[in-house]
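These notes are about the structure you will find just below.
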Amino acid sequence: MSTTAFGQSTVLGYPRVGANRELKKAVEAYWAGTIDADSLENIAATLRAEVWRTLRDARLDSIPSNTFSYYDQVLDTAVAVGAIPDRFARLGLSELDTYFAMARGVDAEPALELTKWFDTNYHYLVPEISAGTVFAANPAKALREYAEARDLGINTRPVLVGPATFLLLAKGDDPFARLDELVETYSGILTTFAEAGVAWVQLDEPAYVADRTAAEIDALHHAYTRLGEIADRPQIFVATYFGELGDALPALLNTPVEAVGLDLAAGPGNLKRLATAGPLRGKTIVAGLVDGHNIWRTDLRAAVTTGATVTGLADHVAVSTSCSLLHVPVDLSAETRLDPQLYERLAFARQKVDEVVLLGRALRDGTTHLPAPLPPAPAVWRHDNVRARLAALDATDRQRGDYTNRAARQQERLGLPDLPTTTIGSFPQTAELRKARAALRAGTLDDAGYTERMRAEVQHVIRLQEALGLDVLVHGEPERNDMVQYFGEQLDGFAATDHGWVQSYGSRCVRPPIIYGDVTRKAPMTVTWSTYAQSLTSKPVKGMLTGPVTILAWSFVRVDQPRANTADQVALALRDECRDLEAAGIGVIQVDEPALRETLPLRKADQKAYLDWAVAAFRLATSGVADDTQIHTHLCYSEFGEVITAIDALDADVTSIEASRSKMEVLDDLAAIGYHRGVGPGVWDIHSPRVPTHDEVVDALRGAVAAVPARRLWVNPDCGLKTRGYPEVEASLRHLVAAATEIRGS
């Protein structure tokens, strides 16, 4: 076995889409057929080499590889262990096209289920493991990338999702029924790595920062005891992140693995547990001192103090990011328009690498070279008026009237049929819309010209929905760059970046705004667009807002006050917006909260407090309207059963929810708690390019009607249509409306 030292500094991963989203553009070009597989791989190889050189030149001691992915690292690991469902394997496609079929679906087969990666806005593809799954080691991708880096003179550490987390994330009856088979597959991979000269391998086990049973912890111990016993293997680094390991920490330390990574940013309790976990002889502790999940500069002196405590406990300590830097933008130096007082407080991925290197050096040589602490935040970032409004709130500000009475008044006002049809909000963001937005930013298109183009698109969307026969319409959101960024750009206390792209899933990237100060609304944000759309039709048009929890979840949030306080500040701004929409004649307002489950704390002991303030913020935003104004919300791509009582407590009149990939599982959860308001389980998976057939939508609706009375059931896609093209949107919505009509008449 190799005895190569781990080194003093590392990161758990790095952004892979490129500073200018080069990978996104290349992958989408491949899907569109405008480049071939070789061209795609050449672009990807260039991006990988750029990242490895960046990390080497920053003087990191240990550099990861195989963190690059065309779509998702969990899907990559599924391919590496042979967990490719038969329904995809039998399609007869190339290896690359089989991979993308699993991610996106094809006409013949729907995609793998997509859901949130722990408490982040990243989405992973859920592995499918059945009795027919035959695990087989396939380390080709990881070995190719290791060899690429070695050819550059860079010795890297391949990364895979660990076997225990992989099984806990997968769909299957008993996650550990196949553990021994899977561990033997990993054993084969590690042996092959050793033969190729790999000195260290990183296996990620983030699932163990959540509550785990004794049996699940025993499975972790069993897996790494077995892998540690392999005679010829790389040294094993087990990385954990997003929280505290709890009882899993001593179990992991009591295995032959050489290094264990601990998140000391999101899981400060890891330090106390480490002190009582037992002897650490021969172990390297990789201390996650730099927060990889937010963009604020690290308090380097406080981090050194924590690192010194770890150094006193372990034989060797390396400094790292708390998690992969996948969750933050690439490089702050590209941002030339930020307020200097904000800029000096920020660190993106490239800057966080420098912090890691600085901390590693400080633990070894002392703190004299560390930069001076930051000054206090500017006083102008505080708004006393919003703080006074919050202090004056009472319980009635978060309550609406009885739902039964509300429903009757709303039906009298709206006159909707059973199984009303609608969409979630956005329509395709065409190349023409993106060009218009870019021209506005560049100053080659004035405000009047931009407004004219957006109004033309709104009119097109309204006319299309009328022609298709939808019951409740949307304006299509052509003016919006992103469902959170759009609002952040119109609220005080937020800052927007020019190049702060972060991968959400596959080729989907977002630019999260930065909440740095107290939040206030400067002026109405959506009323002009909604009222223009409503003026074009006699059918109801939904006002479209993003909820306070999701605005926080998809932003980089200030850390100098509790999140509950920031959520209520955002909620007050949205409350004012709801009232203005209602006053302008909008009778249906959708306040989306797709991130409600996403930011649920991973430990049950912490979840009630979060759900209490999350529900309270939503109700503050939505409880200022009259009973005949119908409030919708939308949730997507999460394990909803874990927050089902909170969904009920939101008290929305209608909740639309992702259900197509999960086969309507959420309806059973809703039935179990006696949910009695309107619900729209998605019948069309919009994250796949395939058009659902009429019969597929009918079958989905029949299943839904069996669980929910037709008078309470809405018919809608899983999510917004922003990423889809008009031909597939029109075909899919035509099937959706026809299916609803058929079920109404049956």
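Counting from 1, the numbers follow the sequence of the chain as shown.
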Would the Phe242 and His327 ring centres measure less than 6.0 Å apart? yes
Keeping the roles fixed (side chain from Asn270, backbone from Gly267), state whether a donor-acceptor pair exists under 3.5 Å. yes
Answer yes or no: is there an ion pair linking Asp518 with Arg558, defined by an N-O contact shorter than 4.0 Å? yes
Val27 and Trp31, any side-chain heavy atoms less than 4.5 Å apart: yes
Do Tyr122 and Tyr505 have side chains that approach each other closer than 4.5 Å (heavy atoms only, starting at C-beta)? no
Any side-chain heavy atom of Leu114 sitting closer than 4.5 Å to one from Val126? no
Residues Arg48 and Ser65: side-chain donor-acceptor under 3.5 angstrom: no
Please tell me whether Phe237 and Trp200 form a close aromatic pair, meaning their ring centres lie under 6.0 Å apart. no
Measuring from Arg53:CZ to Ile63:CD1, what's the distance to the nearest 0.5 Å? 12.0 Å
When every non-hydrogen atom of Gly243 is compared with those of Val209, the smallest separation belongs to O-CG1, 3.5 Å
Taking the six-membered ring of Tyr486, is NZ or CZ of Arg480 closer than 6.0 Å to its centre and within 45° of its axis? yes
When rounded to the nearest 0.5 angstrom, what is the spacing between CG in Leu203 and CD1 in Ile189? 9.0 Å
Is any side-chain heavy atom of Trp501 closer than 4.5 Å to one of Lys24? no
Donor on one side chain, acceptor on other, Glu355 and Gln351, under 3.5 Å: no
If you round to the nearest 0.5 Å, how far is CD of Glu593 from OG1 of Thr599? 8.5 Å
Side-chain heavy-atom pair Gln8, Arg364 within 4.5 angstrom cut-off: yes
So, Gln503 and Arg21: side-chain donor and acceptor under 3.5 Å apart, yes or no? no
Return the CG to OG1 distance between Leu326 and Thr67, rounded to the nearest 0.5 Å. 8.5 Å
Could you check Trp296, Phe556, Trp381, Phe494 and say which one makes a ring-ring contact (aromatic ring centres under 6.0 Å, His included) with Tyr516? Trp381
Any side-chain heavy atom of Pro268 within less than 4.5 Å of one from Leu264? no
What's the shortest heavy-atom distance between Phe348 and Asp331, and which atoms? CD1-C, 3.5 Å
Is a donor on one side and an acceptor on the other found under 3.5 Å between the side chain of Arg511 and the backbone of Gln485? no
Ignoring hydrogens and geometry, is there a side-chain-to-backbone donor-acceptor pair from Thr321 to Ser324 under 3.5 Å? no
From CG (Asp204) to CD (Gln73), nearest 0.5 Å: 8.0 Å
I want to check something: taking the side chain as every heavy atom from C-beta on, are Leu374 and Arg345 in contact at a cut-off of under 4.5 Å? yes
Please find the pair of heavy atoms, one from Lys141 and one from Asn66, that lie closest to each other, and give the distance. NZ-OD1, 2.6 Å
Quick one: do Arg508 and Asp482 make a salt bridge, cutoff under 4.0 Å? yes
I'd like to know if the side chain of Tyr71 pairs up with that of Asp76 as donor and acceptor (distance under 3.5 Å, no hydrogens or angles considered). no
For Ala595, is there any backbone N or O sitting under 3.5 Å from a side-chain donor or acceptor partner on Thr550? yes
Quiz question: by atom type and distance under 3.5 Å, do the side chains of Asp97 and Tyr30 form a donor-acceptor pair? yes
Can Asp36 and Ser39 be counted as having a side-chain donor-acceptor contact under 3.5 angstrom? yes
For Asn121, is there any backbone N or O sitting under 3.5 Å from a side-chain donor or acceptor partner on His123? yes
Side-chain heavy-atom pair Trp554, Pro512 within 4.5 angstrom cut-off: no
So does Ile686 get a backbone contact from the side chain of Arg724, meaning a donor-acceptor N/O pair under 3.5 Å? yes
Using a 3.5 Å distance criterion without hydrogens, assess whether the side chain of Thr444 forms a donor-acceptor pair with backbone atoms of Leu440. no
Looking at every non-hydrogen atom in both residues, tell me the closest pair between Pro127 and Leu169 and how far apart they are. CD-O, 3.9 Å
Aromatic rings Phe100 and Tyr70: how do their planes relate, parallel, tilted or perpendicular, breaks at 30° and 60°? tilted
Taking Thr305 for its side chain and Arg301 for its backbone only, find out whether a donor-acceptor pair lies under 3.5 Å. yes
Within the 3.5 Å criterion, strictly below it, is a donor on Arg104 or Ser688 matched to an acceptor on the partner's side chain? no
Write down the atom of Ser322, the atom of Asp263, and the distance for their closest heavy-atom approach. CB-OD1, 3.2 Å
Distance-minimising heavy-atom pair for Leu491 and Ala573: CD2-CB, 3.8 Å
Does a side chain donor of either Gln561 or Thr566 reach within less than 3.5 Å of an acceptor in the other side chain? yes
Are any side-chain N or O atoms of Glu148 and backbone N or O atoms of Ala45, one a donor and one an acceptor, separated by less than 3.5 Å? no
Evaluate the criterion side-chain hydrogen bond (donor to acceptor under 3.5 Å, both in side chains) for residue pair Arg521 and Gln569; output intermediate values, then yes/no. CA-CA 9 Å; Arg521 189 184 72 145; Gln569 290 180 355; over 6 Å; no
Distance, nearest 0.5 Å, that separates CG of Leu271 from CG of Leu262: 9.0 Å
Test item: side-chain donor near acceptor, Glu489 and Asn481, under 3.5 Å: yes
Starting from the C-alpha separation in whole Å, work towards a yes-or-no answer on side chain to side chain contact (heavy atoms under 4.5 Å, CB included) for Val357 and Leu359. CA-CA 5 Å; Val357 173; Leu359 287 170; over 6 Å; no
Could you verify whether a donor N or O on one side chain and an acceptor N or O on the other, from Ser320 and Tyr241, lie under 3.5 Å apart? no
